[in-house]
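Here's the structure, in structure tokens; my notes come after.
Here the structure is a predicted model, which means the values were calculated and not measured. In the text below, chain A, chain B and the rest are named by the order of the sequence lines, each starting its count at 1.
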Amino acid sequence: MRAAVLVFPGSNCDRDLAVAFQRAGFDTHMVWHKDTELPERLDVVGVPGGFSYGDYLRCGAIAAQSPIMRAVAGFAARGGHVLGICNGFQVLCETRLLPGVLMRNAGLKFTCKMQALTVETTDSPFTSAYKPGQEIVIPVAHHDGNYQIDADGLARLQGEDRIAFAYEGNPNGSVAHIAGVLSENRRVLGLMPHPERVVDEAHGGTDGAPLFASLAEALVSA
Amino acid sequence: MTEPAITQELIEAHGLKPDEYERLLEIMGREPTFTELGIFSAMWNEHCSYKSSKKWLRTLPTDGPQVICGPGENAGIVDIGDGQAVVFKMESHNHPSYIEPYQGAATGVGGILRDVFTMGARPIAAMNALSFGEKDHPKTRQLVHGVVEGIGGYGNCFGVPTIGGETRFHAAYNGNCLVNAFAAGLVDADKIYYSEASGVGMPVVYLGAKTGRDGVGGATMASAEFDDTIEEKRPTVQVGDPFTEKRLMEATLELMATGAVISIQDMGAAGLTCSAVEMGDKGGLGVQLRLDDVPQREENMTAYEMMLSESQERMLMVLHPEKEAAARAVFEKWDLDFAIVGETIAEDRFVIIHGNEVKADVPLSKLSSEAPEYDRPWVPTEPATELEPVPEVDAIDALKILLGSPNYCSRSWIYQQYDHMVMADTVVAPGLGAGVVRVHGTEKALAFTSDVTPRYVRANPEEGGKQAVAEAYRNLCAVGAKPLATTDNLNFGNPEKPEIMGQFVGAIKGIGAACSALDMPIVSGNVSLYNETDGQGILPTPTIGAVGLLTSLDELIAGTARDGHLALLVGETEGHLGQSALLYEVFNREDGDAPHVDLTAERRNGEFIRENREWINACTDLSDGGLALAAVEMAIAGEVGVTLDAADTATLFGEDQGRYLIACSFDKAEALMVAAGRAGVTIQTVGKFTGDTVRIGGSDAPLDELRTIWAEAFAGHFA
């Protein structure tokens, strides 16, 4: 299994995501933002957290215009798996690989803490190793995680069972407590919480590990 | 452009005293140019030259088998085994943070991170020690918000976990807040970079962001007292760009891997001037700079402005000329400036050329070797006043006041604004005591803490200095780490006042004694003087940052108290209430002496904790608020009630030193008692963790009620 992790200037969870992929058995490649092609025979692209291009215009907006994201869009269109975490989720929304937008937290402050979530669907290559409705704890660390989408879009996400994770409580004001959403073909996941930060016992929790295990399982059996 | 004439007024505006200007004239043999005056002023101000403190700093213990690099470089370096080393330092950004809290604090973080990665280390942890005025002072709330957002804004984007620190509030900081930023990085011991230039005719390369007019004269500003013209000083505060800093760090580390770097220095205070002089001076070389080649983001900048600019995210490097292409490619990859702006020369000269004119030509080595040094007059601090009688208090009432006070309530409002988990190696998050991060890819971990109790230092500088080191030692031992070394950030008032200088001298003596006795040499540090507004000095605040090593995560003590655990107290209790948190918060009193620090007992008790970690579920050191506050904090962390046997105020709230509170099962407690007997350590059962109620001295309260007071107070005071 081969994973690529994108590196934008300002990415700072790229290594963490690569480590999590490796722990789950992936052969992992770092891919520079100025590259125009992804490695061959790739199974999944990880778009990591951080502050791509300093988040100076709008989070993820400049990264969405980078050469490598055109290649990622093509990869997704061909049915490739894409995982966007935190800033990566923002980038995926800006590239329209996922619907909705991420706005400034309702409390206006950056928020970093352990956060309880519920697994809203296990019907995806990212969540099949969880139990339906399972409560898990995964940290959040963001300033702009307030997920918003119009009423029709929300109804569609709900109707198509594409909300992957929801917050218990609401750390940032997201509509319907949404923490992560899936694409129509369920192969693109974006989420604000950081599963790569809870994959080994030393992290004080391992609730992120099943996400990577689900993916490995799905790709092996695919 | 013609430079202004040198007048008496101009000399004074540059902070040079008459005797210092005389010395300058002697070195130059002529009247200086305006640019030269600026260079001397930048090199000779208190911030850069340590002219008031040097004599005393030399007395500190800086050596030990673990020390790879002591003070004098960008940061200190300590061996952590397996060919790895930890690089760390703490530095103040007090004056800028008071003037412009967000940018002042942000660039403080940026500066300390640069100090660390300049040496070849990837930053892995940050902390900050903050002192603000009293909560109701009109500036405090704005400063708290601005400083915390600035630290978070910079560190979060850069991508370093902020894993600890301390925050205090006291009226003495109303006119001068303190922002002390700590950073630590990891480096392979054979890949460390220093600032010593070598070789004549080697290119001097400018790296990073462009130069603007921001921060011109910043170091001089930071070496003066404040008065009511303070708002006019805002333009001397620099503006930070953590995105550029992150790229600069990645590019610098990549550059080092190419083998292109002979020596490297970050541009901090007095940017281009200090960095060039430092590299030349260490290497016994001169430096010639051509300012027309300096990347600039503003037009028509003068030589004076460029030499004194404190624009952020810049470095200066001496390059192996044959590696230029590879080095340039790295910086182009990261879209950063790379410009050859001069070269090393054999003569002892610092030559600045701008627009085909020589703007400065100064004997380079004299800028540091002939820098003024003062043996400032000092008077020993008066012995502390006798402690007036302290009335007995209802322990629960007193705890409610402490837990709800700005000084002792939960700091989660602050540290939740900091990404404390990025890099995915955080093992112990901020909260109580030391923060711990794993050394990436190994089983080792490093613990970090920052401590000082300024009330103690004011009452008794020497004991207070010892106590700051001792508390840092305890915080490291309490998580199972072996204390390795320290960095000190010495914040004091105006050193020209003999009583302030007396505080400084006393504190240095205490710190030195404790660092020797506890085998924690000082490997880096920073001095911040003139923390006064309208003649009112701060509390003497020598912040101690300390680093400890866990050779395996198995050594970590990070459990919580559980229902049924005994509460065991290690160390001697006499009930010292002088200068205690109880006195200050409950009675609004600050009398009595600081508690005495028995360094032999500190070491014995700390070693006892580390050697018996297998019997310890949870551990915390006792400091402000004594046994009662430590027990309740441990109860809150473990979500279990606690009952203490003692009832008298001195036993419950006394702040005797060298003590730890342990939670463990009955069986383990027996083993600890036996071990303590053998080690000559005092240990006693002082209560039990049980139920959901806190019971102390005949009164009680639901744990939930106390936790709510503690958890919500900070936002209540400041949000």
What closest approach, in Å, do [X] and [Y] show between heavy atoms, and which atom pair accounts for it?
X	Y	value
A:His203	B:Ala424	NE2-O, 2.7 Å
A:Asn12	B:Gly159	ND2-CA, 3.3 Å
A:Gly10	B:Lys246	CA-CG, 4.2 Å
A:Pro9	B:Arg247	CB-CD, 3.8 Å
A:Cys112	B:Met421	SG-CE, 3.8 Å
B:Trp413	A:Lys109	CZ2-CE, 3.9 Å

Do other residues, nucleotides or ligands put more than 12 heavy atoms under 6.0 Å from [X] [atom1]?
X	atom1	answer
A:Met114	CE	yes
A:Arg58	CZ	no
A:Lys34	NZ	yes
A:Glu168	CD	yes

Heavy-atom pairs under 4.5 Å with chain A, option from [options] with the top count:
options	result
B:Asp241, B:Leu556, B:Val428, B:Val436	B:Asp241
B:Ala429, B:Cys157, B:Gly441	B:Cys157
B:Val160, B:Val422, B:Val427, B:Asp335	B:Val422
B:His145, B:Glu250, B:Glu245	B:His145

Subject >> Under 3.5 Å donor-acceptor, A:Asp16 side chain and B:Met423 backbone >> reply: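 Present.
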
Subject >> Beyond-backbone contact of B:Phe243 with A:Tyr53, side-chain heavy atoms, under 4.5 angstrom >> reply: yes

Original post:
Can you check whether A:Phe110 reaches B:Glu149 side chain to side chain, under 4.5 Å on heavy atoms?
Top reply: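 Counting from C-beta outward, A:Phe110 and B:Glu149 never come under 4.5 Å.
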
Subject >> Which portion of A:Asn87 sits near chain B, non-hydrogen atoms under 4.5 angstrom >> reply: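 Contact with chain B is absent: no heavy atom of A:Asn87 under 4.5 Å.
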
**OP:** Could you look at A:Val19 and say if it's the side chain, the backbone, both or neither that has a heavy atom under 4.5 Å from chain B?
**Re:**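 The side chain, not the backbone.
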
Original post:
Between the side chains of A:Lys113 and B:His420, is a donor N or O closer than 3.5 angstrom to an acceptor N or O?
Top reply: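 Distance-only check fails for A:Lys113 and B:His420.
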
Would you tabulate the side-chain donor-acceptor contacts of residues 60-71 of chain A under 3.5 Å, counting partners in other chains and residues two or more places apart, or write 'none'?
unit_1, atom_1, unit_2, atom_2, d
A:Ser66, OG, A:Ala63, O, 2.7

Subject >> Most contacts with chain B, counted as non-hydrogen pairs under 4.5 angstrom, among A:Gly50, A:Ala202, A:Ala141 >> reply: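 Of A:Gly50, A:Ala202, A:Ala141, A:Ala202 has the most heavy-atom pairs under 4.5 Å with chain B.
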
**OP:** Output the distance between atom OG1 (A:Thr111) and atom CG (B:Asp419), rounded to the nearest 0.5 Å.
**Re:**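 Rounded to the nearest 0.5 Å, the OG1-CG separation comes to 11.0 Å.
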
**OP:** Please assess B:Asp425 against A:Arg15 for the test salt bridge (Lys or Arg N to Asp or Glu O under 4.0 Å), listing each intermediate value before the final yes or no.
**Re:** CA-CA 11 Å; B:Asp425 280 315; A:Arg15 185 191 75 184; 3.3 Å; yes

